[in-house]
2 protein chains.
Amino acid sequence: MTKIEDQRATAARPLPLNRILAGDCIQIMNSLPPESVDLIFADPPYNLQLRGDLHRPDNSRVDAVDDDWDQFSGFAAYDSFTRDWLAAARRILKPHGAIWVIGSYHNIFRVGAELQNQGFWIMNDVIWRKSNPMPNFRGKRLTNAHETMIWASRSEASRYTFNYEALKSLNEGIQMRSDWVLPICNGGERLKDANGDKAHPTQKPEALLHRVLVGTTNPGDVVLDPFFGTGTTGAVAKMLGRDFIGIEREAAYREVAQKRLDRIRRFDADAIATTRAKRAEPRVPFGQVIERGMLRPGEQLYSIGSRHKAKVRADGSLIGNDVKGSIHQVGAALEGAPSCNGWTYWHFRREGKMIPIDILRQQIRAEMQGEVTRPN
Amino acid sequence: MTKIEDQRATAARPLPLNRILAGDCIQIMNSLPPESVDLIFADPPYNLQLRGDLHRPDNSRVDAVDDDWDQFSGFAAYDSFTRDWLAAARRILKPHGAIWVIGSYHNIFRVGAELQNQGFWIMNDVIWRKSNPMPNFRGKRLTNAHETMIWASRSEASRYTFNYEALKSLNEGIQMRSDWVLPICNGGERLKDANGDKAHPTQKPEALLHRVLVGTTNPGDVVLDPFFGTGTTGAVAKMLGRDFIGIEREAAYREVAQKRLDRIRRFDADAIATTRAKRAEPRVPFGQVIERGMLRPGEQLYSIGSRHKAKVRADGSLIGNDVKGSIHQVGAALEGAPSCNGWTYWHFRREGKMIPIDILRQQIRAEMQGEVTRPN
DNA sequence: CCAGTTTATGAATCTTCCA
DNA sequence: CTGGAAGATTCATAAACTG
């Protein structure tokens, strides 16, 4: 068979739409016709490489991601894997297609660099800020409260799909930013196996895929997910009237995903309504007043009538009369009260006047106007 | 000169503290003694196309970036530059030192991958979420509303500095997360040149450095910034009682930075002090509680809710339910837990009330005031 | 049935000292 | 260097449970 005949044959072969394909994603992508897919959403293994067990302070054990599919011998092996699946993905993307990849600091730098090396063109990196992340139990690092997504077109010349107005509308009329605050997937949305355990260790929330697909695909587009898992990409694609192709190696995941997809119904064309975000007053920690230079470490604060004094420290705590702690704790201690609202209790002096520190909080909140607050 | 002599010479040479060094950061870092710096904060050039002054092997200018070969050459040059300055930075870091690098999607993936390649160990990637970013005027992408910082220690084995309690305090008692909401630098903080234009295109806010330095250095530490610009790192370091070394090639930036630094005053010592971690308190063996007569041999201890009991022995061990050992060992055994903090687990009875034995440790520590405790 | 309390759990590169 | 012991450490949410 000549090369041309082969290409015609694969081009003529219809795409296996709205199905879950079983097997290795690189092989399967290589078997699909080139330039046939509008968007790829990929959630590849993160290469976490966890060592021992981790326990919460209450001694319960954290159920870690220790699955075989996340084991690599090192960066070289992970890079080689990344190179291969990205190349396969690029081949099947239409010239004006785009890709999303999600990851954490363990793998995202390697993925991002390889995307650039292969000629993909990054439009944005998008931060999924988790409203309810797992804390850092040992207090040895910052709470790992986000994951990173890279949105890139096939090449710099691609005229990629971007539904600016739809995203703006999703965001109450304000231009959508590169940081998205969404809760992690749990509760009723989280799929369980027969034992009641989570069916997949890293199921993504549908809200994330909703925003990706509304923003960067059109109805009727073909969306491929090479690491389909329990099928969040397929579920949201089906709801939104996009066609999907899922690829998944593990039979257990495919089974859960298929059941899930069978239950999904496509939204009515005009019923793609989204749950509206409620505006809550954002919480402002007192430390931000210090960091922003509105008060300086060492500055004195006074209670009403100057009966009590305290000094501001660089970490946003106060020290007054040998008592250290938050603005609320120190106020309560000095008053002998069970509690105290430090924001209204403490004042600073400016040009001979006593000004409540709550003024500073209001200034910070005013600066935050126009921000996107968390949905729900 | 032999190698040993050379090493002695550089080791003996005093560090040029609290000065701005003029020149190429790679050359200057290579002239500093090895393992001499506690923290590096780096804000390297971001843009791959507009900067012709990077370390480019061919010294040619990239005209069009739509050419695949040209694009790779651009990345290769940037990677080479990144490799060189990171290696120079790593050499001068103390074994337990750490580095922060800030960047955007244009360069951060390449920097992150190279950090990992050189053996740096990433603790967190941190998102600076801008509360007032510039909107995307053409509506072709999402508002680029954040930058990414990588925090990494020199190696996996490094016992890096992390002031957990101070950062928690800055956040009003809640563990600090990996996403930091801070405004961009403008208003009075933004430095202007003689024409009233901004003195530096990417001046970072002092609030950002405040959080970095409070969280990951101690007073007296040496902080080096190889891309000093207008000196935000030095300014905040000086305020917080840290020593700095700035490196900057452009005379105009050095001049603005030096004027800025001359105006800065250091905060009071007790304002710079931050909330200490418990681990830094002097260790008190439980036996001292017995020796000092605060508990008597034979006295009963109880877990919360009195589910478990144990009896104190004269040597400071416990015996409960046939288990003998330390307060920690017996607590862990009775709970079937891998470990247990006996200080907070066990309680004694006084006048009908249950009191945690940690109260007794605090009393002993208070009595030890004035004694010499370990530094920091 | 409602309100308040307790329990379970989530992509995690999660200790430090001393013998 | 390794091994053993001390001992420090959690936030948001939902479901289950109690009164």
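- In the interface, the side chain of B:Arg279 is not paired with the base of D:dA8 through any donor and acceptor atom under 3.5 Å apart.
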Would you check, one step at a time, whether the test ring-ring contact (aromatic ring centres under 6.0 Å, His included) holds for B:Trp151 with B:Phe162?
-> CA-CA 11 Å; B:Trp151 172 40; B:Phe162 181 54; 5.3 Å; yes
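- At a cut-off of 3.5 angstrom, the base of C:dG10 holds at least one donor-acceptor pair with the side chain of A:Arg56.
- Side-chain polar atoms of B:Gln118 and B:Glu114 form a donor-acceptor pair below 3.5 angstrom.
- The side chain of A:Arg138 places no N or O atom within less than 4.0 Å of a non-bridging phosphate oxygen (OP1 or OP2) of C:dA12.
- Rounded to whole angstrom, the span from the CG atom of B:Asn124 across to the P atom of C:dA11 amounts to 17 Å.
- The phosphate of D:dG7 (OP1 or OP2) has a side-chain N or O of B:His328 nearer than 4.0 angstrom.
- Evaluation of atom-type donor-acceptor distances gives a pair under 3.5 Å for the side chain of A:Lys204 against the base of C:dA11.
- With a cut-off of 3.5 Å on both pairing distances, C:dC1 has no Watson-Crick or G-U wobble partner at all.
- Searching all strands for a Watson-Crick or G-U wobble partner of C:dC18 with both distances below 3.5 Å returns D:dG3.
- Nucleotide C:dA12 is matched to nothing when pairs are restricted to Watson-Crick or G-U wobble geometry with both distances under 3.5 angstrom.
- Partner assigned to D:dA14 is C:dT7, using Watson-Crick or G-U wobble distances below 3.5 angstrom.
- Taking 4.0 angstrom as the limit, B:Tyr164 places a side-chain polar atom (N or O) nearer than this to OP1 or OP2 of D:dT10.
- Nucleotides of DNA chain D nearest to B:Lys168 and B:Pro285 differ in position, and the one nearer the 5' end is that of B:Pro285.
- Rounded to a whole Å, the CZ atom of B:Phe162 is 12 Å from the P atom of C:dT16.
- The side chain of A:Asn132 sits closest to D:dT13 out of D:dT13, C:dT13, C:dA11.
- Pairing partner, D:dA8: none, since no Watson-Crick or wobble contact has both distances short of 3.5 Å.
- Residue A:Lys140 has no polar side-chain atom (N or O) positioned under 4.0 Å from OP1 or OP2 of C:dT13.
- Side-chain polar atoms of A:His200 and A:Thr230 form no donor-acceptor pair below 3.5 angstrom.
- No aromatic stack links A:Phe137 and the base of C:dC14, using centre distance under 5.5 Å and interplanar angle under 30°.
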